[in-house]
Amino acid sequence: MSKQKSKKKLPLAAKIFFALVLAIISGLLLQSNAEFAEIYIKPFGTIFLNLVKFIVGPIVLFSIMSGVISLSDIKKVGSIGGITVVYYFCTTAIATAIGLFFANLFKGAFPILSTSSLSYETSSEPVSGMDTLVNVFPSNFLNPLSESNMLQVIVMALLIGFAIILLGSKAERAVSGINLWTDIFMKVMEMILSLSPIGVFCLLCPVVAANGPMVVGSLAKVLLCAYICYVIHAVCVYSLAVFTLGGMSPVKFFKGMAPAILFAFSSASSVGTLPINLECSQKLGASKEVSSFVLPLGATINMDGTAIYQGVCAVFIASCYGIHLTLLQMITIVATATLASVGTAGVPGAGMIMLAMVLTSVGLPVDGIALVAGVDRIFDMGRTTLNITGDASCAIIVSKMIHKD
Ligand code: ASP
């Protein structure tokens with residue numbers, strides 16, 4: 001696009017990074033006057049978070065509906081669709097589990113912060129497993145959205161999405177309407193994300209002022225944890241899958257994927273990487289008909305890196321607040337992060353919006369996003385790389401399976 005424009009304008013990622021550095025420096029300078037940061041800076045961060053909370057409901061509802069609707073092609077492509085969706089869901093669930101496992105190993109190294117600079121109301125009432133199950137199902141159309149009950153919003157989106165598929169051509173107008181509203185809300189999300197530098201500064205500065213340099217060290221630890229998981233997932237899960245199901249040497253796979261991997265790492269966008277991913281996968285032997293179905297679908301609904309990031313950040317944020325996550329909460333995180341994958345757009349920063357949904361689903365404070373938002377781009381580069389590599393591994397495997405028959 002306009003090279004000139006990007007020369008003039010600082011990219012958003014650079015602005016966010018600049019805001020992060022500025023927030024740390026100002027926070028350290030304000031340590032003796034943390035109250036000032038709390039009273040005069042934090043409210044602007046709260047405005048940013050409110051906007052994130054506002055958009056997460058519509059984004060989840062509409063993008064999951066449009067994700068489900070895009071699956072209607074499954075009928076047309078028969079077994080390709082079936083294998084693809086099973087592979088996508090299984091690898092994403094494994095990714096979240098890996099993220100949770102390693103984040104729990106790292107937990108001792110994560111700090112408990114003075115969260116007075118963040119707000120969190122906890123409900124002390126214990127909730128049983130059965131209650132949790134019952135609460136997943138909405139009894140009202142509006143409450144899930146107004147109460148930000150993300151699990152209920154997901155159930156609504158799935159029900160409506162499947163109903164639209166079943167109605168077939170009768171629901172054509174609804175399909176285009178939903179796709180249009182998805183685009184509209186995505187645009188709103190983009191507008192909100194463009195405020196990230198201000199949000200990051202105003203959220204992080206009071207936290208650093210209240211907690212000192214400890215926060216900075218903890219960010220390095222949580223990033224390291226996420227990257228270890230990204231690498232483990234790629235090396236273990238994709239290598240094994242490509243080798244056993246796709247009959248391809250993992251070395252050949254990763255070598256052939258190098259251009260797409262580099263592009264994804266620098267662009268942080270699965271959708272943007274799609275053309276180059278198609279090319280790499282086809283060069284590696286994926287058939288054209290399979291890759292042109294599997295890869296666009298993957299760029300829309302398959303986000304293993306994002307799922308890992310959400311698992312790791314959920315444990316990190318919980319531990320910063322001194323909250324212990326129960327097994328049931330962990331299982332809920334695996335389920336919601338897997339579903340969040342369907343609703344995450346393949347554009348930079350989308351995973352952070354969906355993190356709000358994962359946190360809400362287990363009652364963790366959305367404000368905790370403040371702790372990781374400043375380095376989101378660094379998380380995003382790795383998670384996007386993993387996202388597109390997962391899509392390509394699926395194209396190789398499905399091609400091999402289809403050609404066998
Ligand atoms: N940037 C990621 C992607 O394009 C989505 C995310 O933010 O997690 O795959």
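Numbers here simply count residues along the sequence, with the first being 1. For clarity, every value in this text was computed on a predicted model and none was experimentally measured.
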State, yes or no, whether a side-chain contact exists between [X] and [Y] at a heavy-atom distance under 4.5 Å.
X: V312; Y: F102; value: no
X: I98; Y: V237; value: yes
X: Y238; Y: D304; value: yes
X: D376; Y: R383; value: yes
X: M381; Y: Y227; value: yes
X: V347; Y: M189; value: yes
X: L224; Y: F106; value: yes
X: T306; Y: M354; value: no

Cut-off 3.5 Å, no hydrogens considered: what does the side-chain donor-acceptor table look like for residues 246-259, sequence neighbours left out?
residue	atom	partner	partner atom	Å
S249	OG	V251	N	3.3
S249	OG	K252	N	3.1

Closest contact, heavy atoms only, [X] versus [Y]:
X: S26; Y: C205; answer: CB-SG, 3.9 Å
X: A23; Y: L204; answer: CB-CB, 3.9 Å
X: V294; Y: A395; answer: CG1-N, 3.7 Å
X: S287; Y: S399; answer: N-OG, 2.9 Å
X: D380; Y: P348; answer: OD2-CA, 3.3 Å
X: I317; Y: P365; answer: CG2-O, 4.2 Å

### Query
For V207 and L203, what are the C-alpha separation, side-chain angles and deciding distance, and is it a side chain to side chain contact (heavy atoms under 4.5 Å, CB included)?
CA-CA 7 Å; V207 179; L203 287 168; 5.9 Å; no
Say you draw a straight line from [atom1] of [X] to [atom2] of [Y]; how long is it, rounded to the nearest 0.5 Å?
X: D391; Y: I396; atom1: CG; atom2: CD1; answer: 12.0 Å
X: L219; Y: F379; atom1: CG; atom2: CZ; answer: 7.5 Å
X: I55; Y: N50; atom1: CD1; atom2: CG; answer: 13.0 Å
X: N140; Y: S146; atom1: CG; atom2: OG; answer: 7.5 Å
X: C229; Y: I308; atom1: SG; atom2: CD1; answer: 5.5 Å
X: N387; Y: I301; atom1: CG; atom2: CD1; answer: 12.0 Å

### Query
Taking atom CG of L51 as the centre, does the number of heavy atoms from other residues, nucleotides or ligands within less than 6.0 Å exceed 12?
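Yes - once you tally the heavy atoms of other residues, nucleotides and ligands closer than 6.0 Å, there are more than 12.
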### Task
State whether the number of non-hydrogen atoms from other residues, nucleotides or ligands found under 6.0 Å of E35 atom CD is greater than 12.
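No, CD of E35 has 12 or fewer neighbouring heavy atoms, counting only those of other groups under 6.0 Å.
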### Query
Would you find a donor on one side and an acceptor on the other, under 3.5 Å apart, between the side chain of S239 and the backbone of C236?
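No; judged by distance alone, with no hydrogens or angles, the pair does not exist.
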### Query
Do the side chain of S341 and the main chain of M303 share a donor and acceptor less than 3.5 angstrom apart?
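Yes; at least one donor-acceptor contact below 3.5 Å.
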### Query
Excluding sequence neighbours, so at least two apart, what forms side chain to side chain contact (heavy atoms under 4.5 Å, CB included) with V362?
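Partners of V362 under the side chain to side chain contact (heavy atoms under 4.5 Å, CB included) test: Q329, T332, I333, L364.
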#### Entry: Derivation and outcome, side chain to side chain contact (heavy atoms under 4.5 Å, CB included), residues I47 and L195
CA-CA 10 Å; I47 293 175; L195 298 175; over 6 Å; no
### Task
Output every pair passing salt bridge (charged side-chain N to carboxylate O under 4.0 Å, His left out) with a member in residues 260-280, not counting sequence neighbours, ordered by first then second residue.
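Every salt bridge (charged side-chain N to carboxylate O under 4.0 Å, His left out) pair that includes a residue of residues 260-280, provided the two are not neighbours, is E279-K283.
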### Query
If we ignore angles and hydrogens, is there a donor and acceptor under 3.5 Å between the side chains of N302 and Y87?
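The criterion, which ignores hydrogens and geometry beyond distance, is not satisfied for Y87 and N302.
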### Task
Answer with yes or no whether the side chains of N277 and T273 bring together a donor and an acceptor at under 3.5 Å.
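Absent: no donor and acceptor within the cut-off.
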### Task
List the steps, then state whether side chain to side chain contact (heavy atoms under 4.5 Å, CB included) holds for M186 with I59.
CA-CA 7 Å; M186 288 290 177; I59 282 278; 4.0 Å; yes
